[in-house]
S.K.: 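Sharing a structure here in structure tokens format.
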Amino acid sequence: MEIPLLCYRSVSLDQIRSSCSLPSSVSDYRCFIKQKTLSSVYRFSLNRRKWRNPFAKIRCCSLHRGLQPRPKPKPSKFDADVEEETDLRDTQIKKPSARVCSQLEKLVLYGRYREALELFEIFEQYGGFDMGSSTYDALVSACIGLRSIPGVKRVFNYMMSNGFEPDQYMRNRILLMHVKCGMMIHARKWFDEMHERNLVSWNTIIAGHVDTGDYVEAFRLFLIMWEEFSDAGSRTFATMIQASAGLGLISAGKQLHSCTLKMGVGDDIFVSCALIDMYSKCGSIEDAHYVFDEMPEKTTVGWNTIIAGYALHGYSEEALDMYYDMRDSGVRMDHFTFSIIVRICARLASLDYAKQAHAALVRHGFGSDIVANTALVDFYSKWGRIEDARNVFNKMPCKNVISWNALIAGYGNHGRGDDAIELFELMLRQRMRPNHVTFLAVLSACSYSGLSEHGWEIFQAMGRDYTVKPRAMHYACMIELLGREGLLDEAFALIRGAPFKPTANMWAALLTACRVHQNLELGKFAAEKLYGMEPEKLNNYIVLLNIYNSSGKLKEAAAVIQTLRRKGLRMLPACSWIEVNKVTNVFHSGDKSHAQRKEIYQKVDYLMKEIAKHGYVPENKTLLPDVDEQEQRILSYHSEKLAIAFGLINTPYWVPLQIVQGHRLCSDCHKAIELIAMVTRREIVVKDASRFHHFKDGNCSCGDYW
DNA sequence: TTAGGGTTAG
């Protein structure tokens with residue numbers, strides 16, 4: 001049951017009870033009291049029937065169960081005075097005064113941050129007015145709420161130039177303002193110059209480094225803190241456990257875990273959730289589950305984290321089971337839950353599950369949630385239902401750059417480059433700022449659809465008009481685009497003109513283009529660059545091998561095969577699957593194990609002939625050593641064509657791989673097997689490991705054993 | 001006394 005937002009001049013238990021039903025098992029709710037200092041958190045004890053914090057003079061209070069996104073304050077029928085508050089801006093105000101300060105604070109109180117910063121202009125114009133801590137605090141909240149860098153600069157400059165002397169509390173708030181707006185250089189300078197730092201100051205700066213992905217610096221600071229400050233709280237540990245997860249350092253995470261136990265904060269909810277996340281991200285789902293089991297109170301976030309952990313490991317079935325357990329336990333599910341579930345359904349490639357998740361999401365009131373809907377857009381477009389994706393997208397009440405990117409990428413993947421560009425232009429018209437992922441999606445779409453001119457224009461406009469500096473992946477995309485058009489010299493010039501060292505992806509794009517357009521010289525040059533960078537990547541050798549083969553250079557081709565044999569490189573088979581009549585069917589390249597393989601390949605042959613009648617010439621691009629002619633023929637069929645064929649035949653499926661017993665496998669191979677076991681929902685018998693990874697002498701050559 | 005922490009989408 002969703003508890004509505006309540007606004008009271010004073011809050012009584014009866015008022016709460018009359019407006020919402022609270023589960024009797026829960027005795028204590030967090031209340032966010034909107035006071036002068038905004039996000040102050042107090043606790044309202046239903047047992048004691050009073051506010052725990054005796055200092056709180058409650059002017060206005062919002063009570064909710066932590067639902068996200070945080071609801072906007074709105075006039076409540078319980079409080080007539082709030083009606084008066086709806087028009088907070090007095091347009092007659094021209095000069096700074098205590099009254100304006102009060103109005104500014106009220107605007108922030110109601111989440112109208114933009115208007116608050118507009119009102120602040122009056123102070124900036126006149127200058128010299130000492131606003132007092134509470135108004136500065138409100139301005140800090142406005143900047144944090146908007147994540148506005150110009151806002152931070154304005155407020156900070158005003159404070160400094162008007163002689164404001166912040167106390168410890170305000171110094172920490174100023175630090176937080178810089179941290180939350182991503183201004184880590186300024187934040188760090190401010191922190192370094194603080195003559196007195198308390199636990200909050202340390203936690204704030206460390207969390208800032210973790211948020212920006214600078215985990216090493218976070219650890220460095222943590223160690224200094226540990227030495228200088230001789231203290232750390234549960235919040236510090238939760239943050240540092242997050243940093244361990246970011247670095248994938250399970251050893252550090254375990255040390256922190258033992259510290260929390262020694263210091264008696266091991267049961268802290270935040271610490272537990274961070275631990276679950278850390279263990280699952282570091283590959284130990286068992287430890288994650290152990291921490292989850294030990295949690296004294298299993299919260300929504302705890303459930304979400306463990307479900308996401310299972311999903312991360314490919315245990316989608318288990319994750320769904322956990323989701324059902326969560327539902328049965330009566331814990332509130334939030335938009336995080338549904339975002340995770342949608343992603344799991346996408347992984348299971350099951351339209352049925354996804355539709356159920358979509359329905360549950362709407363049923364639980366998260367039908368307009370931005371993250372869950374973006375996940376749905378992505379899912380539907382990947383599933384091939386681009387129109388459904390568009391429908392979800394159109395119905396979204398608010399969209400962010402990620403939502404736009406998901407649909408643009410969807411159109412690109414469906415070969416609908418024009419639609420992708422149209423959507424991109426619509427995005428610009430709606431004043432949504434594109435980021436580097438947007439440009440990647442648009443450029444890929446241009447590349448797939450052969451829209452080289454559009455692509456080139458957009459690539460040039462990126463840095464010039466949108467201040468998004470092209471990265472290596474954008475260059476690789478452009479090289480692919482030019483390469484498809486046969487503009488190999490231009491593509492090569494782009495590599496040479498790049499303002500950074502060309503990456504393997506860029507050379508690979510050029511090499512592929514050289515194969516398609518039979519440019520032996522340039523292809524060889526690109527391949528040699530690639531060998532230096534990725535000596536163990538099979539595909540690079542295969543592409544060069546094909547160039548030599550198709551241009552009749554059999555001697556050179558034989559040399560490449562020799563190199564491959566010497567390095568012990570073998571093909572890692574690709575795998576695809578399709579759901580027919582609620583049964584998932586899995587296929588590998590060259591897979592001959594299906595019970596109805598004869599009918600399937602007959603159908604494929606028939607389809608290929610039909611396609612050929614319409615002028616399609618199959619590209620004989622895969623020429624592998626050690627693969628017989630029959631298998632070559634099968635390999636040349638794209639898995640989608642197999643799927644088309646198979647869609648016409650209703651039958652249970654059969655099995656993908658076989659690996660010799662007694663061989664040791666590396667973790668990558670294990671993951672591959674688990675994936676297939678998960679998709680097929682059957683046990684996999686391993687008979688022949690040679691189809692996996694860098695198989696050599698009966699073992700994986702990487703030496704990273706499970 | 002106020003301030004700082006954990007899970008999701010491209």
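Note on naming: letters A, B, ... go to the chains in the order of the sequence lines (proteins, then strands), and numbering restarts at 1 for each one. What you see below is based on every heavy atom in this structure, not just the backbone, and it leaves out hydrogens, waters and symmetry mates.
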S.K.: Take the protein atom CZ of Phe292(A) and the nucleotide atom C1' of dT7(B), then report the distance between them rounded to whole Å.
M.R.: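 Atom CZ in Phe292(A) sits about 12 Å away from atom C1' in dT7(B).
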S.K.: Is a donor-acceptor contact shorter than 3.5 angstrom present between the side chain of Asn400(A) and the base of dA9(B)?
M.R.: yes
S.K.: Would you kindly check whether a donor in the side chain of Asn198(A) faces an acceptor in the base of dA3(B), or vice versa, at under 3.5 angstrom?
M.R.: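 Indeed, a donor on one side and an acceptor on the other fall under 3.5 Å apart.
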S.K.: To the nearest Å, give me how far apart CE (Met333(A)) and C1' (dT8(B)) are.
M.R.: 15 Å
S.K.: Of the options dT8(B), dA9(B), dG5(B), whose atoms approach the side-chain atoms of Ile340(A) most closely?
M.R.: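 That would be dT8(B).
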S.K.: Rounded to the nearest Å, what distance is computed from the OH atom of residue Tyr380(A) to the P atom of nucleotide dA9(B)?
M.R.: 18 Å
S.K.: Can you check whether any acceptor in the base of dG6(B) is under 3.5 Å from a donor in the side chain of Thr305(A), or vice versa?
M.R.: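 Checked by distance alone, the answer is no.
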S.K.: Over all strands shown, is Leu199(A) touching base, sugar-phosphate only, or nothing at heavy-atom distances under 4.0 angstrom?
M.R.: base
S.K.: Counting side-chain heavy atoms from C-beta on, which of dA3(B), dA9(B), dT7(B) comes nearest to Leu176(A)?
M.R.: dA3(B)
S.K.: Among the candidates dT8(B), dG5(B), dG6(B), find the nucleotide nearest to the side-chain atoms of Ser339(A).
M.R.: dT8(B)
S.K.: Within residues 408-434 of chain A, find the residues that approach DNA chain B with a heavy atom at under 4.0 Å, and present them sorted by residue number.
M.R.: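 Within residues 408-434 of chain A, no residue comes under 4.0 Å of DNA chain B.
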S.K.: Across the strands shown, which category fits Thr337(A) at heavy-atom distances under 4.0 angstrom: base, sugar-phosphate, nothing?
M.R.: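 No contact at all - Thr337(A) keeps every heavy atom at 4.0 Å or more from the nucleic acid.
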S.K.: Not counting sequence neighbours, list each pair that qualifies as a side chain to side chain donor-acceptor pair (under 3.5 Å) and has a residue in residues 318-329 of chain A.
M.R.: none
S.K.: Tell me which nucleotide among dG6(B), dT7(B), dA9(B) gets nearest to the side chain of Ala274(A).
M.R.: dG6(B)
S.K.: Of the nucleotides dG5(B), dA3(B), dT8(B), which has the atom closest to the Gln242(A) side chain?
M.R.: dG5(B)
S.K.: So does Asp268(A) reach the base of dG5(B) with its side chain, donor to acceptor, closer than 3.5 Å?
M.R.: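 Indeed, a donor on one side and an acceptor on the other fall under 3.5 Å apart.
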S.K.: Under 4.0 Å between a side-chain N or O of Lys180(A) and OP1 or OP2 of dG5(B)?
M.R.: yes
S.K.: Take atom CD1 of Ile241(A) and atom C1' of dT7(B), then tell me their distance rounded to the nearest Å.
M.R.: 14 Å
S.K.: Who pairs with Phe164(A) by ring pair (Phe, Tyr, Trp, His ring centres under 6.0 Å), at least two apart in sequence or on another chain?
M.R.: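 So Phe164(A) forms a ring pair (Phe, Tyr, Trp, His ring centres under 6.0 Å) with Tyr136(A).
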S.K.: Categorize Asn435(A) for me: base, sugar-phosphate, or nothing, with a 4.0 angstrom heavy-atom threshold over every strand shown.
M.R.: base
S.K.: Using the test side chain to side chain donor-acceptor pair (under 3.5 Å), find all partners of Lys254(A) that sit at least two apart in sequence or belong to another chain.
M.R.: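 With sequence neighbours excluded, Lys254(A) shows a side chain to side chain donor-acceptor pair (under 3.5 Å) to no residue whatsoever.
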S.K.: Expressed as a whole number of angstroms, how long is the span from Phe270(A):CZ to dG6(B):P?
M.R.: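 So the CZ-P distance, Phe270(A) to dG6(B), works out to 8 Å.
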S.K.: Which part of the nucleic acid, if any, lies within contact of Lys399(A), taking any heavy atom under 4.0 Å across all strands shown: a base, the sugar-phosphate backbone alone, or nothing?
M.R.: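 The residue Lys399(A) makes no contact with any strand.
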S.K.: Please determine, for the side chain of Val371(A), which listed nucleotide (dT7(B), dG6(B), dT8(B)) has the closest atom?
M.R.: dT8(B)
S.K.: Taking the side chain from His414(A) and the backbone from Gly410(A), do they hold a donor-acceptor pair closer than 3.5 Å?
M.R.: yes
S.K.: Tell me the interatomic distance from Ile205(A), atom CD1, to dG5(B), atom P, rounded to whole angstroms.
M.R.: 13 Å
S.K.: Taking the six-membered ring for Trp, are the ring centroids of Phe439(A) and Phe459(A) within less than 6.0 Å of each other?
M.R.: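 Ring centres of Phe459(A) and Phe439(A) not closer than 6.0 Å.
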S.K.: Heavy atoms under 4.0 Å, any strand shown: does Ser234(A) hit a base, just sugar-phosphate, or nothing?
M.R.: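 Base, at least one base atom sits under 4.0 Å.
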S.K.: Considering only side-chain heavy atoms of Arg343(A), which listed nucleotide, dT8(B), dT7(B), dA3(B), is closest?
M.R.: dT8(B)
S.K.: Measure from the side chain of Tyr169(A), starting at C-beta and using heavy atoms only, and say which of dG5(B), dA9(B), dT2(B) lies closest.
M.R.: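 For Tyr169(A), the side-chain atoms sit closest to dT2(B).
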S.K.: Between His186(A) and Phe156(A) (judged by ring centroids, cut-off 6.0 Å), do the two rings come close enough to count as a pair?
M.R.: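 No, ring centres 6.0 Å or more apart.
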S.K.: List the residues meeting side chain to side chain donor-acceptor pair (under 3.5 Å) with His257(A), not counting sequence neighbours, and say none if there are none.
M.R.: Tyr279(A)
S.K.: Calculate the interatomic distance between Asp277(A) atom CG and dG5(B) atom C1'; express it in whole Å.
M.R.: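 About 13 Å, once rounded to whole Å.
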S.K.: Are Phe191(A) and Trp202(A), when compared by the centres of their aromatic rings, separated by less than 6.0 Å?
M.R.: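 Aromatic pair counts; centres sit under 6.0 Å.
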S.K.: Please state how far atom CZ in Phe366(A) lies from atom P in dT8(B), giving the value in whole angstrom units.
M.R.: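 In whole Å, dT8(B) P and Phe366(A) CZ are 16 Å from each other.
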S.K.: Give one of base, sugar-phosphate or nothing for Asp378(A), where a contact means two heavy atoms less than 4.0 Å apart.
M.R.: sugar-phosphate
S.K.: Taking only residues two or more places apart in sequence or in another chain, which ones pass ring pair (Phe, Tyr, Trp, His ring centres under 6.0 Å) with Tyr411(A)?
M.R.: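 With neighbours one apart ignored, the set is empty.
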S.K.: Which nucleotide sits closest to the side chain of Gln168(A): dG6(B), dA3(B), dA9(B)?
M.R.: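 The listed nucleotide nearest to Gln168(A)'s side chain is dA3(B).
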